[in-house]
*Asks:* 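First the structure, then my questions, so here it is.
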Amino acid sequence: MSFNFPSQVPLFIEGEWQQSQSKQLIPVTNPATQEVLTQVPCATEDEMARAIASAAETFKSWKDTAVPVRARIMLKYQQLLKEHHDELAEILCQETGKTFEDAKGDVFRGIEVVEHACNIASLTMGETVENVARTIDCFSVTQPMGVFAGITPFNFPAMIPLWMFPLAIACGNTFILKPSEQDPLTPTRLVELFEEAGAPKGVLQVVHGGKEQVDTLLTHPEVKGISFVGSTAVGEHIYRTGTHNLKRVQCMVGAKNHMVVMPDANKQQVINNLVGSGFGAAGQRCMAISVVVAVGKSQEWIEELKAEAQKIRPGAWNDPEAAYGPQINPQARDRVLSFIEKGKQEGANCILDGSDCTVDGFPDGNWVGPTIFTNVTTDMEIYKNEIFGPVLCVVNVDTLDEAIELINNNPNGNGTSIFTGSGGAARKYKHEILVGQVGVNVPVPVPLPFFSFTGWRGSFMGDQHAYGKQAVRFYTETKTITERWFDDSEEAALNMTITMK
Ligand code: NAD
């Protein structure tokens with residue numbers, strides 16, 4: 001498929017695709033070639049104001065749209081996303097460099113959230129208790145709140161916007177999406193398909209830009225809530241500013257995910273799963289495994305892990321031999337390379353060094369090869385920071401207790417896994433670990449959308465998490481109604497008199 005991307009990504013305001021008047025443009029490049037695919041405008045003040053006003057105005061009618069009508073739009077949307085699955089994945093590959101299979105997964109995980117949103121009637125059902133006092137009933141309903149905004153990262157340009165707007169809108173809210181400026185073409189196509197599915201004008205708006213545009217959303221009184229996914233530093237700014245302005249805010253942020261390898265685990269499964277979860281997507285997943293906690297004798301398997309990791313390499317999106325793609329931009333690649341350099345200076349043992357990585361035919365790509373450090377200690381910068389590249393750090397410990405203590409002392413709590421043959425070790429780990437998403441012999445335990453994406457501690461700010469029942473709570477208010485009806489018919493009055501006699 002060949003694409004004719006527009007020279008500038010349009011905004012979607014008041015239900016119309018429109019060219020921004022902004023002079024501030026950010027180039028979007030293909031990370032494997034540096035070819036400029038398009039440019040993203042930073043929406044002007046007036047464009048931001050129009051997007052917010054249109055979302056607020058549309059809310060007045062959308063909130064009263066029948067729930068089955070909203071659900072049917074989601075059903076149609078799911079069908080369209082499936083029909084355009086490969087096309088969306090190919091667009092995604094151009095702007096992220098992901099391999100085609102990985103890109104299809106990015107789209108599919110988003111489709112699953114839309115499938116969840118099709119059940120919005122059941123998800124928003126309230127509760128009833130009859131006779132809370134004599135002849136008095138009490139029940140709750142969930143109601144939408146108004147305008148929500150979503151700010152999304154580069155690393156899942158299909159899945160993460162789809163974590164947000166379908167559920168928010170199915171709940172009866174209107175939504176303003178501010179996608180990552182690094183890969184806005186996939187979200188643009190997602191929104192075109194949403195329009196095609198029958199979403200009324202104004203229900204969803206798309207604005208582009210960076211801090212200035214996000215700050216407008218964070219401070220505007222019409223915006224009732226903010227969903228953010230991205231780095232910890234930006235998330236902290238968003239959480240502080242949003243809550244300071246009395247908004248509901250959820251921030252899914254950075255990670256450092258550990259895999260505990262027990263000596264009784266299946267060695268080959270450990271190695272295969274570490275190669276996939278440590279280096280897949282070039283390590284640019286918030287659920288990537290970046291630290292191996294090798295317990296006791298499992299430390300002897302690292303040489304074999306190295307041998308397997310040496311067999312894989314990055315490459316272009318349509319190269320069937322490529323295990324993963326490039327880093328998203330040259331700065332991200334340089335940042336990963338500087339961590340590799342730092343790790344060497346800090347005294348970790350770099351047993352596999354991917355810093356000098358080239359890919360035939362793609363001299364300008366942001367490539368980093370698989371990299372493994374052993375003898376890593378918790379005071380090292382390569383341990384303390386989220387590298388977000390294909391770099392695995394191996395930390396040695398003697399016991400499961402030590403492994404648990406080490407992980408619980410790390411500020412992040414997004415995901416973790418344990419590989420073991422022991423039910424007892426697994427039970428202890430599941431119970432004691434202070435991480436919100438735990439895999440047992442599953443390396444990347446991302447919950448499906450009928451659960452929620454439940455990162456803990458430094459990896460999350462807020463209380464209701466992304467998608468699942470928690471997202472429905474995030475995007476709605478609960479109203480509790482206590483009700484009594486007097487029966488003032490003549491017959492009732494007569495009965496009442498008889499009873500009183
Ligand atoms: P990022 O924080 O740089 O950008 C995320 C979004 O915030 C973008 O839309 C960007 O335009 C906007 N932004 C950037 N600077 C801003 C500022 N100063 N003020 C307001 N908005 C700003 O993140 P990224 O590099 O695109 O994504 C990678 C990060 O996202 C990693 O840390 C990764 O762990 C995290 N992530 C977390 C999850 C999760 O669920 N916990 C999922 C995916 C990615």
Side-chain angles (χ1 to χ4, degrees), residues 9 24 26 28 31 40-43 48 95-96 98 106 109-110 113 149-164 176-184 186-187 206-219 226-242 249-257 281-290 327-329 331-333 335-336 366 385-389 411-416 435-437 444-447 449 451-462 465-468 470-471:
V9 183
Q24 223 187 322
I26 305 168
V28 178
V40 186
C42 296
M48 292 300 296
E95 56 184 354
T96 64
K98 282 191 187 188
D106 189 332
R109 296 311 296 259
V113 184
I151 297 125
T152 56
F154 80 83
N155 67 330
F156 284 98
M159 178 182 82
I160 292 180
L162 292 174
W163 279 6
M164 298 179 183
I176 302 173
L177 177 67
K178 205 302 285 174
S180 168
E181 66 281 15
Q182 303 195 72
D183 43 19
T186 309
V206 184
V207 294
H208 291 290
K211 182 173 188 309
E212 199 183 315
Q213 288 67 27
V214 171
D215 283 350
T216 302
L217 296 169
L218 294 175
T219 50
I226 305 277
S227 181
F228 170 80
V229 181
S231 61
T232 302
V234 176
E236 279 179 12
H237 164 70
I238 286 180
Y239 195 74
R240 288 210 172 92
T241 315
V249 186
Q250 57 170 200
C251 292
M252 281 63 73
V253 295
K256 193 81 177 174
N257 305 315
Q284 298 174 118
R285 289 181 183 140
C286 67
M287 288 290 277
I289 293 293
S290 48
Q327 307 309 123
I328 189 69
N329 58 43
Q331 296 74 32
R333 190 240 357 250
R335 183 175 171 276
V336 175
N366 312 317
N385 290 280
E386 181 185 38
I387 300 177
F388 227 50
N412 298 284
N414 215 33
T416 187
V435 175
Q437 303 174 101
V444 182
V446 178
F451 292 92
S452 296
F453 191 92
T454 53
W456 276 20
R457 297 190 288 134
S459 297
F460 178 70
M461 293 154 222
H465 291 82
Y467 62 78
Q470 296 199 19

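Keep in mind that the numbers below use all heavy atoms, side chains included, and drop hydrogens, waters and symmetry copies. First listed ligand is number 1; within each ligand, the first listed atom is number 1.
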*Asks:* So which protein heavy atom does atom 10 (C) of ligand 1 come closest to, and at what separation?
*Replies:*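 Answer, as residue, atom name and distance: E181 OE1, 3.5 Å.
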*Asks:* Quick check on I328 - does any of its heavy atoms sit under 4.0 Å from an atom of ligand 1?
*Replies:*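 No, I328 has no heavy atoms under 4.0 Å from ligand 1.
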*Asks:* Quick one: look at E386 and ligand 1, take heavy-atom pairs under 4.0 Å, and tell me if it's side chain, backbone, both or neither.
*Replies:* side chain
*Asks:* Please state which part of F460 comes within less than 4.0 Å of ligand 1, counting heavy atoms only: side chain, backbone, both or neither.
*Replies:*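 F460 to ligand 1: no contact under 4.0 Å from either part.
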*Asks:* Less than 6.0 angstrom from the centroid, inside 45 degrees of the normal: does K178 satisfy that with respect to the ring of F228?
*Replies:*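 Output no; distance or angle outside limits.
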*Asks:* Give a yes or no on whether atom 4 (O) of ligand 1 lies under 4.0 Å from any heavy atom of the protein.
*Replies:* no
*Asks:* Contact between S180 and ligand 1, counting heavy atoms under 4.0 Å?
*Replies:*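 Yes.
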*Asks:* Does the side chain of Q213 reach to within under 4.5 Å of the side chain of C42, using non-hydrogen atoms?
*Replies:*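 Contact flag for Q213/C42 side chains = yes.
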*Asks:* Counting heavy atoms only, which part of R285 comes closer than 4.0 Å to ligand 1: side chain, backbone, both or neither?
*Replies:*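 Neither; nothing of R285 gets under 4.0 Å from ligand 1.
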*Asks:* Starting from atom 7 (O) of ligand 1, locate the nearest protein heavy atom and write down its residue, its atom name and how far away it is, to 0.1 Å.
*Replies:* F228 CE1, 3.4 Å
*Asks:* Atom 26 (O) of ligand 1: which protein heavy atom is closest, and how many Å away?
*Replies:*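 Result for atom 26 (O) of ligand 1: F154 N, 3.0 Å.
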*Asks:* Measure the distance from atom 8 (C) of ligand 1 to every protein heavy atom, then report the residue, atom name and distance (to 0.1 Å) of the closest one.
*Replies:*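 Of every protein heavy atom, T152 O, 3.2 Å lies nearest to atom 8 (C) of ligand 1.
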*Asks:* Please report which non-hydrogen protein atom sits nearest to atom 42 (C) of ligand 1, along with the residue it belongs to and the distance in Å to one decimal place.
*Replies:* C286 SG, 3.0 Å
*Asks:* To the nearest 0.1 Å, how far is atom 13 (N) of ligand 1 from its closest protein heavy atom, and which atom is that?
*Replies:*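 Heavy-atom neighbour on the protein nearest atom 13 (N) of ligand 1: V234 CG1, 3.8 Å.
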*Asks:* Considering only heavy atoms, does N414 approach ligand 1 within less than 4.0 Å through its side chain, its backbone, both, or neither?
*Replies:*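 Side chain only.
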*Asks:* Counting only heavy atoms, which portion of I160 has something under 4.0 Å from ligand 1: side chain, backbone, both, or neither?
*Replies:* side chain
*Asks:* Using a heavy-atom cut-off of under 4.0 Å, does the side chain or the backbone of N155 touch ligand 1, or both, or neither?
*Replies:* side chain
*Asks:* Counting only heavy atoms, which portion of F156 has something under 4.0 Å from ligand 1: side chain, backbone, both, or neither?
*Replies:* neither
